[in-house]
Enquirer: 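The structure under discussion is supplied below as structure tokens; questions concerning it will follow.
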Number of protein chains: 2
Amino acid sequence: MNALATIRDVAKEAGVSVATVSRHLNNKGYVSNDAKQIIEKAITTLNYAPNQLARSLTTKQTNLLGLLVPDITNPFFPELARAVERTAYEHGYTVVLCNAGETSEKEKHYIRSLQQNYAAGFIVTTNHIEADFYKKLDVPIVALDRNLSEAIPTVTSDNVLGGQLVANYLVEQNVKRILCVRGPLDIDVANDRMRGFEEIMKQHPTIQYDTIVSPFDFESAKKVTLQQLQHTRDYDAVFASSDASAIGVMKAAESLGIHIPKDVSLVGYDGINIGTLLSPELTTIAQPISLMGERATELLIALIEGQKMTAKRVVFPPKLVVRNSTTKGTEL
Amino acid sequence: MNALATIRDVAKEAGVSVATVSRHLNNKGYVSNDAKQIIEKAITTLNYAPNQLARSLTTKQTNLLGLLVPDITNPFFPELARAVERTAYEHGYTVVLCNAGETSEKEKHYIRSLQQNYAAGFIVTTNHIEADFYKKLDVPIVALDRNLSEAIPTVTSDNVLGGQLVANYLVEQNVKRILCVRGPLDIDVANDRMRGFEEIMKQHPTIQYDTIVSPFDFESAKKVTLQQLQHTRDYDAVFASSDASAIGVMKAAESLGIHIPKDVSLVGYDGINIGTLLSPELTTIAQPISLMGERATELLIALIEGQKMTAKRVVFPPKLVVRNSTTKGTEL
DNA sequence: ATGAAAGCGCTAACAA
DNA sequence: TTGTTAGCGCTTTCAT
């Protein structure tokens with residue numbers, strides 16, 4: 001009861017060799033039904049559980065999946081993480097969630113540390129690090145909501161389309177001057193969203209828009225937006241390129257006595273659950289977050305379990321979800 | 001460059017034995033300065049990193065900390081997780097974040113799985129499982145924001161006091177009828193919060209209050225609150241026993257055209273960041289979330305690294321933070 | 001101060 | 001169908 005039972009204990013208890021026990025455990029090779037029975041019994045009486053460490057040391061494989069996120073307090077990532085976690089669990093894997101934070105140093109530390117612990121693979125939603133670093137790694141990797149490199153399997157949604165959806169919608173709403181609170185310049189999905197937006201805007205030269213840059217978190221977006229609104233308040237719509245930023249924009253507006261949507265419309269991006277719980281509820285471009293997490297995990301597991309797929313890319317379509325932050329009180 | 005270098009490679013490269021390399025790596029036993037130099041050089045040229053798996057197999061120790069949370073999409077837990085993660089990182093540990101979800105089955109799976117992988121210890125913020133299960137485990141465990149058992153080191157805030165703070169504040173505000181949206185009956189911190197609240201209420205028999213039960217997530221709280229408000233709307237205050245629930249209450253109120261704080265005051269519990277980003281900003285009982293996560297992690301690490309502290313308990317004081325959900329527009 | 005060798009718990013040839 | 005045995009990469013006596 002004290003020291004954890006080993007495979008040898010089981011073998012002894014069952015009166016067979018360790019090899020037989022191992023074969024039974026892994027469903028490999030021949031094991032007679034008689035043997036299976038006895039071993040099974042021995043396992044339960046000894047309350048035996050295989051030591052994954054030892055197993056991994058031999059096989060050089062684990063059931064650990066590393067999930068790297070840039071900021072776990074941005075609600076988008078927990079939603080993603082939950083999907084990843086659920087899918088992994090269903091496939092017998094365990095997720096190691098790492099908050100890589102701001103620095104690429106920490107991100108590297110985690111990758112190194114996990115690799116040393118033989119993480120079977122990684123899902124990466126960060127991009128502090130050069131893609132080259134990942135390519136050299138020679139470990140199964142899937143990029144989620146980020147385009148790391150052509151060579152790395154990737155799951156995203158169509159961010160260009162998302163940007164277009166916003167632009168088209170705002171055009172329909174007959175908006176004249178827009179403030180874009182866009183994401184960091186080195187994040188490709190942020191660029192894509194802007195690109196889609198601008199493509200449509202080119203067709204409507206009468207509509208003006210200003211662009212300011214902000215990280216995706218609440219606080220930063222609030223601060224940056226406040227600064228901008230100090231200059232001009234002459235906007236009738238704001239396009240925040242994440243829902244988290246949109247919340248920051250909401251607060252900025254509120255503190256200046258600007259009413260949403262009466263004075264200015266607000267469109268977010270991501271489709272996180274909290275969006276429906278805000279006042280007003282947030283109009284947004286919804287990504288299929290669960291689906292994306294699920295698909296990325298399946299892809300990674302496929303990769304780990306052998307299928308050498310090269311540069312597979314999955315792109316989901318985003319959807320415009322109109323709620324109250326852009327309509328004057330009309331329920332959806 | 002391909003296969004990861006092993007300690008043997010380093011030994012060969014440096015012209016010494018593996019034992020010497022090992023001793024140098026772990027700063028144990030005598031190693032001459034000359035040897036140190038050569039080994040160091042060999043390590044860098046080979047880009048060697050020790051295999052933690054193998055190391056753990058021998059030493060039966062790891063640098064993995066398991067953090068079990070019940071629901072990662074409740075913003076309270078990411079904030080806690082971030083503190084845990086940061087502290088662990090500073091001490092050279094890596095955090096495995098597990099979303100144990102609703103079922104105790106899954107929680108057990110994770111614990112089992114992590115134990116097999118030799119997680120050095122656990123921080124548990126869930127309590128689906130009987131404390132006995134944990135006590136039998138014979139692994140360092142710290143309970144965070146939960147009282148699992150007298151025998152398990154615990155970090156919490158004073159939830160009874162928190163409940164009292166709410167009650168006293170509401171009394172001061174001259175409130176007459178209160179709705180309590182309390183947490184699950186089997187969660188002791190939820191019980192404590194209610195207990196503190198009721199202690200004060202006993203001294204004020206003219207104040208009425210109703211109590212309804214809800215899980216801590218947004219959606220549930222919204223639903224339960226809506227149901228209750230179908231019966232009576234005759235409340236002038238709501239005490240939600242988590243900030244997440246409070247958000248649900250906000251939405252419920254809004255959808256019924258009840259204005260906060262004009263028609264009814266709302267007090268939450270936890271002090272999560274989003275509270276300041278809502279409209280109105282949420283009055284709440286703030287727990288020192290970061291401090292709690294930090295302290296729990298330090299406790300666990302101390303436990304792991306030898307100090308056999310028995311039943312240590314750390315209790316932080318919570319603080320009432322008055323914001324706009326209870327004052328009619330008065331900025332703090 | 002250093003090296004040889006045993007062993008952590010498991011898997012995977014290879015024999016039998 | 002089953003057992004023997006050699007590692008996986010590392011730490012740790014025990015000699016030297």
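Order of the sequence lines fixes the chain letters, A, B, ..., with proteins taken first and strands second; residue numbering starts at 1 for each chain.
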Enquirer: Between the main-chain N or O of B:Leu68 and the side-chain N or O of B:Glu107, is there a donor-acceptor pair closer than 3.5 Å?
Expert: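 Here the side-chain-to-backbone pair does not exist.
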
Enquirer: Where the side chain of A:Val31 is defined as all heavy atoms beyond and including C-beta, which of C:dT2, D:dT2, D:dG9 is the nearest nucleotide?
Expert: D:dT2

Enquirer: Specify the separation, in whole Å, of atom CD1 of B:Ile39 and atom P of C:dA1.
Expert: 13 Å

Enquirer: Mind checking what makes salt bridge (Lys or Arg N to Asp or Glu O under 4.0 Å) contact with B:Arg146, not counting sequence neighbours?
Expert: none

Enquirer: How many whole angstroms separate atom CG of A:Asn51 from atom C1' of C:dG7?
Expert: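 Computing the A:Asn51:CG to C:dG7:C1' distance gives 14 Å.
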
Enquirer: Could you tell me the separation between the CG atom of B:Asn27 and the P atom of D:dT12, rounded to a whole number of Å?
Expert: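 Result: 13 Å.
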
Enquirer: Does D:dG3 have its OP1 or OP2 closer than 4.0 Å to a side-chain nitrogen or oxygen of A:Thr20?
Expert: yes

Enquirer: Looking at D:dT1, D:dC8, C:dT2, which one has an atom nearest to any side-chain atom of B:Ser32?
Expert: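 Nearest to the side-chain atoms of B:Ser32, counting from C-beta on, is C:dT2.
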
Enquirer: From D:dT11, C:dG3, D:dG3, pick the nucleotide closest to the side chain of A:Val16?
Expert: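 Per side-chain heavy atoms of A:Val16, the pick is D:dG3.
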
Enquirer: Just to confirm, is there a sub-4.0 Å distance from OP1 or OP2 of C:dT11 to any side-chain nitrogen or oxygen of A:Asn26?
Expert: yes

Enquirer: Name the closest nucleotide to the B:Ile7 side chain, picking from C:dG9, C:dA5, D:dC10.
Expert: D:dC10

Enquirer: Separation of B:Asn33 atom CG from C:dT2 atom C1', in whole Å?
Expert: 15 Å

Enquirer: Would you indicate, yes or no, if D:dG9 has its OP1 or OP2 atom less than 4.0 angstrom from a side-chain nitrogen or oxygen of B:Arg8?
Expert: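 Result: no.
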
Enquirer: In terms of side-chain heavy atoms of A:Lys60, which of C:dA13, C:dC10, D:dG9 is nearest?
Expert: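 The closest nucleotide is D:dG9.
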
Enquirer: What is the ring orientation for B:His109 with A:Tyr89, classed by angle as parallel under 30°, tilted 30 to 60°, or perpendicular over 60°?
Expert: perpendicular

Enquirer: Hey, does the side chain of B:Lys28 come within less than 4.0 Å of D:dT12's phosphate (OP1/OP2), counting only N and O?
Expert: yes

Enquirer: Counting any heavy atom closer than 4.0 Å, what does B:Ser22 reach on the DNA or RNA strands: base, sugar-phosphate only, or nothing?
Expert: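 Base, at least one base atom sits under 4.0 Å.
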
Enquirer: Run through A:Thr156, A:Ile272, A:Leu80, A:Asp145 and flag the one making a side-chain contact (heavy atoms from CB on, under 4.5 Å) with A:Gln287.
Expert: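 Option passing the side-chain contact (heavy atoms from CB on, under 4.5 Å) with A:Gln287: A:Asp145.
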
Enquirer: Can you see if the side chain of A:Tyr30 gets near the phosphate of D:dG3 - specifically, an N or O under 4.0 Å from OP1 or OP2?
Expert: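 So the side-chain polar atoms of A:Tyr30 never come under 4.0 Å of the phosphate oxygens OP1 or OP2 of D:dG3.
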
Enquirer: Return the value, rounded to whole Å, for the distance between atom CG of A:Leu25 and atom C1' of C:dA12.
Expert: 14 Å

Enquirer: Quantified as the angle between the terminal helix axes (five pairs each), what is the overall bend of the helix from C:dA1-D:dT16 to C:dA16-D:dT1 to 10 degrees?
Expert: 40°

Enquirer: Let's see if you can work this out: which of D:dT2, C:dG9, C:dC8 has an atom nearest to the side-chain heavy atoms of A:Ala54?
Expert: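 Out of D:dT2, C:dG9, C:dC8, the nucleotide with an atom closest to A:Ala54's side chain is C:dG9.
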
Enquirer: If you find the nucleotide of DNA chain C closest to A:Pro50 and the one closest to B:Ser17, which residue's nucleotide is nearer the 5' end?
Expert: B:Ser17

Enquirer: The side chain of B:Thr59 lies closest to which of these nucleotides: D:dT11, D:dG9, C:dT11?
Expert: D:dT11

Enquirer: To the nearest Å, give me how far apart CG (A:Leu4) and C1' (C:dC8) are.
Expert: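 Spelled out: CG on A:Leu4 to C1' on C:dC8 is 13 Å.
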
Enquirer: May I have the distance from B:Leu57 (atom CG) to C:dC10 (atom C1'), rounded to whole angstrom?
Expert: 8 Å

Enquirer: Would you say CD of A:Glu90 has more than 12 non-hydrogen atoms from neighbouring residues, nucleotides or ligands within 6.0 angstrom?
Expert: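 Yes, because the 6.0 Å sphere around CD of A:Glu90 holds more than 12 heavy atoms from other groups.
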
Enquirer: For the pair A:Asn99 (side chain) and B:Arg82 (backbone), establish whether a donor and an acceptor sit closer than 3.5 Å, ignoring hydrogens and angles.
Expert: no

Enquirer: Could you tell me whether B:Arg295 and B:Glu298 make a salt bridge, using a distance below 4.0 angstrom between a side-chain N and a carboxylate O?
Expert: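 Salt bridge between B:Arg295 and B:Glu298, a charged N being under 4.0 Å from a carboxylate O: yes.
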
Enquirer: What is the separation between atom CD1 on A:Ile38 and atom C1' on D:dG3, rounded to the nearest whole Å?
Expert: 15 Å

Enquirer: With distance as the sole test, does B:Ser56 use its side chain to make a donor-acceptor pair with the main-chain N or O of B:Gln61 at under 3.5 Å?
Expert: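 Indeed, once roles are kept as given, a pair shorter than 3.5 Å links the two residues.
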
